[in-house]
Amino acid sequence: MKQFTRRDFLNYTSAGIFLSSLFRHSPVISQNNNPLDVIVVKNGPIKELARKMMDELGGIQRFVKKGQTVLIKPNIGWDRLPEQAANTNPELVAEVVKMCLSAGAKRVRVLDRTCNQARRCYKRSGIEEAASEAGAQVRHIVDSRFQKVDIPDGKILKSWEFYKDVLDADVFINVPIAKHHTISRVTLGMKNIMGLLGGDRGSIHTEFMTKIVDVNTVIKPQLTIIDAYRVLMRNGPSGGNLADVEEKKTLIAGVDPVAVDSYAMQLFSINPNEIEYLKNAEERGLGTRDWTSLNFKEINL
């Protein structure tokens, strides 16, 4: 047998350090040969939940291929701190950015049309700093980049202005926060699309249950990730009182936006079969309210 020398040890050690470095920065590639349609992960640090979520969905490379451009749309609408749960958790946004870049994305952009002053929302939410440090291009909305688009399947809306970045992106990942809303009862994935619309968005709240589906027939995310780590249970969508926030430590994600929104309704003790926009969306072929009919799993870490 060959004697194991000090030089051998140093060579193996150097190789080990190199490989370890590679693994730390490698994309989330699942060993799961039967990736899920909808996954719910609970009770762990948010970065750990995000990694487990992506693994169960089949890995980031199921959604993002080398050289593609990615648009990530969190909720950055309000001049609130992360603890107030009015905006998407910045740690989650950063983790999704990192995963997309690790898969070889050419560019990852993060943006939202805010309700409060944009500069304050981007900064106070923590999203601008976290996403930028993760490698994303964090952009403010520019009015000249809205583009009027026909809505052939619209029941009420026959056209609307959509943001050009989402129309041009190869991959669209929708990352809303789950929270109460005084008009629509809750705001989840399908309503989060409103942050990519120009024009008078307030008018969409009239006949909301039909109009919100109209705009969702144009923009269809490859992946929806609902942030339910901290949930604003009352006085949404802007909140402000920490007494209205409950820590549920949950992420809900999937390829079916109707199923993902339907599951999330349970956070608010709402029966999804009672929500007209979900019924409307299902009838128009955007997904199913019955998430149990899909390849679905709940994991409690």
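All values below come from the heavy atoms of this structure, side chains included, with hydrogens, waters and symmetry mates left out.
Side-chain atoms of Asn174 and Asn192 form a donor-acceptor pair, as typed in the model, at a separation below 3.5 Å. At a cut-off of 3.5 Å, with distance as the only test, no side-chain donor of Asn89 or Asp227 sits close to an acceptor on the other residue. Between the side chains of Asn280 and Arg284, at least one donor-acceptor pair of N or O atoms lies under 3.5 Å. One side chain, Thr292 or Asp290, offers a donor N or O that lies under 3.5 Å from an acceptor on the other. For the residue pair Gln137 / Arg139, a side-chain donor-acceptor distance below 3.5 Å is found, with atom types taken as modelled.
Between Lys158 and Asp153 there is no salt bridge, since no side-chain N of the basic residue sits under 4.0 Å from a carboxylate O of the acidic one. A salt bridge links Glu283 and Lys279; the closest N-O separation between the charged side-chain nitrogens and carboxylate oxygens is under 4.0 Å. Classification of Glu246 and Arg230 as a salt-bridged pair fails, no side-chain N sitting under 4.0 Å from a carboxylate O. In this structure, Glu56 pairs ionically with Lys297, as a charged nitrogen and a carboxylate oxygen lie closer than 4.0 Å.
When atom types are taken as modelled, the side chain of Arg107 and the backbone of Val70 share no donor-acceptor pair closer than 3.5 angstrom.
Following chains of ILVMFWY side-chain contacts shorter than 4.5 Å, one can reach Met194 starting from Met209, so the two form part of one hydrophobic cluster.
In this structure, the side chains of Phe172 and Ile72 stay at 4.5 Å or more apart for every pair of heavy atoms.
Counting only residues at least two apart or on different chains, no ring pair (Phe, Tyr, Trp, His ring centres under 6.0 Å) pair has a member in residues 43-66.
Among residues two or more places apart in sequence or in another chain, the ring-ring contact (aromatic ring centres under 6.0 Å, His included) test is passed with Tyr229 by none.
The only member of Asn273, Leu278, Asn271 that meets side-chain contact (heavy atoms from CB on, under 4.5 Å) when paired with Met265 is Leu278.
In this pair, Tyr263 and Trp291 present their aromatic rings perpendicular. The plane angle is above 60°, beyond the 30 to 60° band. Between Tyr277 and Phe208, the ring-plane angle classifies as perpendicular under the 30° and 60° cut-offs.
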